[in-house]
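Scroll down for the structure; my scribbles are underneath it.
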Amino acid sequence: MSNQPIGIFDSGIGGLTVATQVRKYCPGEEIIYFGDTARVPYGTKSARIVCQFSYQNTRFLLQFRPKLVVIACHTASCLATDYLKQEFPSLVLVDVLKPSVEKALNHTRSGRIGVIGTTATINSKRYQMSLESANNSIRVYATACPLFVPLVEEGWIDNQVSREIASIYLRPLKQKKVDTVILACTHYPLLRKVIAGVLGDGVRLIDPSEEVAAQVAAHLRRGAANRSSVGRGRLRLYFSDCSPRLKKVVRLFLGQTKVTIKELKPDFLPEVFNV
Ligand code: DGL
């Protein structure tokens, strides 16, 4: 078990924010990342489709016999975790919802928490229900920010357009005087500067990727499942579609300039990136 990889999937490249942290917390581990770039975005789709795609992504990762699978997508975490647990009862699944909620509850002083995410995530009400059921004095203000994902994909992470859009989306949260905002979408940590600029210094932004990674590391320690081989584990990146600009965006997410692309010819996936 210990030398098996950690599987991570997301609807696209956003989950690389989580993969980066898992690499930091578990440097010796082999990581297989799958980004469903052919079918992204999930945030505009129905629960049924998100469940179906998440099921296929998990099946893809299972061929590598992972010791656990991280659902690094907030939309899939909200809409498909229960379904995946039911379909793969013996698989250890780590989602991004619980760590986000716990972190926000630890940080808030006023009890006024904002949640921003895709339309599907916000409409699922999973964040709102999880926060309120943990503590019924908490007030949750949730807003979908659908244009944030294409902005990040375009690399417009800090310009006049991104600032303008952020100020429109975030105005209601500002008016509600939230002191904590959950970045409930894998892309949003890249807009942190713009979001913080609109909300002001007093508002704590919650990105759960570190907590997710800490949870993975703790799970491996508990089960004595750390990889026994010495040296840094590889991060292998699989995408269901490789557009010409994918490499550029992957670099943006990983914060590194050298990204090597290697082609594969499996049935489901046309390409693999080896970083
Ligand atoms: N990965 C998705 C999420 O975290 C964002 C992109 C999408 O809409 O698929 O919700």
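Computed from a predicted model, the values in this text were never measured in an experiment. In each ligand, atom 1 is the first atom listed, and ligand 1 is the first ligand listed.
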Q: Examine the proximity of ligand 1 to Val96 and report which part, side chain or backbone, both or neither, has a heavy atom under 4.0 Å away.
A: neither

Q. Which of the atoms in ligand 1, numbered in the order shown and given with their element, are less than 4.0 Å from a heavy-atom of Pro41?
A. 7 (C), 8 (O), 9 (O)

**Q.** Any N/O pair Thr44/ligand 1 closer than 3.5 Å
**A.** no

Q.
Tell me the closest heavy-atom pair linking Gln4 and Glu29, and the distance in Å.
A. O-OE1, 4.2 Å

Q.
Using a plain distance cutoff, I'd like to know if Thr121 has any nitrogen or oxygen under 3.5 Å from a nitrogen or oxygen of ligand 1.
A. no

Q) Which bit of Val40 gets closer than 4.0 Å to ligand 1, counting heavy atoms only: side chain, backbone, both or neither? A) side chain

Q. Among Thr44, Asp10, Thr186, Thr121, whose side chain to side chain donor-acceptor pair (under 3.5 Å) with Thr75 holds?
A. Thr121

Q.
I'd like to know if the side chain of Lys174 and the backbone of Val198 have a donor-acceptor N/O pair within less than 3.5 Å.
A. yes

Q. Atoms of ligand 1 less than 4.0 Å from Asp10 heavy atoms?
A. 1 (N)

(Q) Atom NZ of residue position Lys98 - does it have more than 12 heavy atoms of other residues, nucleotides or ligands inside 6.0 Å? (A) no

Q) What protein heavy atom sits nearest atom 6 (C) of ligand 1, and how far off is it? A) Ser11 OG, 3.5 Å

Q) Does Thr186, backbone or side chain, put an N or O under 3.5 Å from an N or O of ligand 1? A) yes

Q. Quick one: nearest non-hydrogen protein atom to atom 8 (O) of ligand 1, plus distance?
A. Gly43 N, 2.9 Å

Q: For the residue pair Tyr42 and Phe53, categorise the inter-ring angle as parallel (less than 30°), tilted (30 to 60°) or perpendicular (more than 60°).
A: tilted

(Q) Strictly distance-based, threshold 3.5 Å: is any side-chain N or O of Thr108 a donor or acceptor partner for the main-chain N or O of Leu105? (A) no

Q. Taking both backbone and side-chain atoms of Cys185, is any N or O found less than 3.5 Å from an N or O belonging to ligand 1?
A. no

(Q) Within the supplied structure, the quantity of interest is the number of heavy atoms (other residues, nucleotides, ligands) at a distance under 6.0 Å from Arg192 CZ; does it exceed 12? (A) yes

Q.
Quiz question: by atom type and distance under 3.5 Å, do the side chains of His74 and Tyr127 form a donor-acceptor pair?
A. yes

Q: Just need the protein heavy atom nearest to atom 10 (O) of ligand 1, so name the residue and atom and give the distance.
A: Thr75 OG1, 2.6 Å

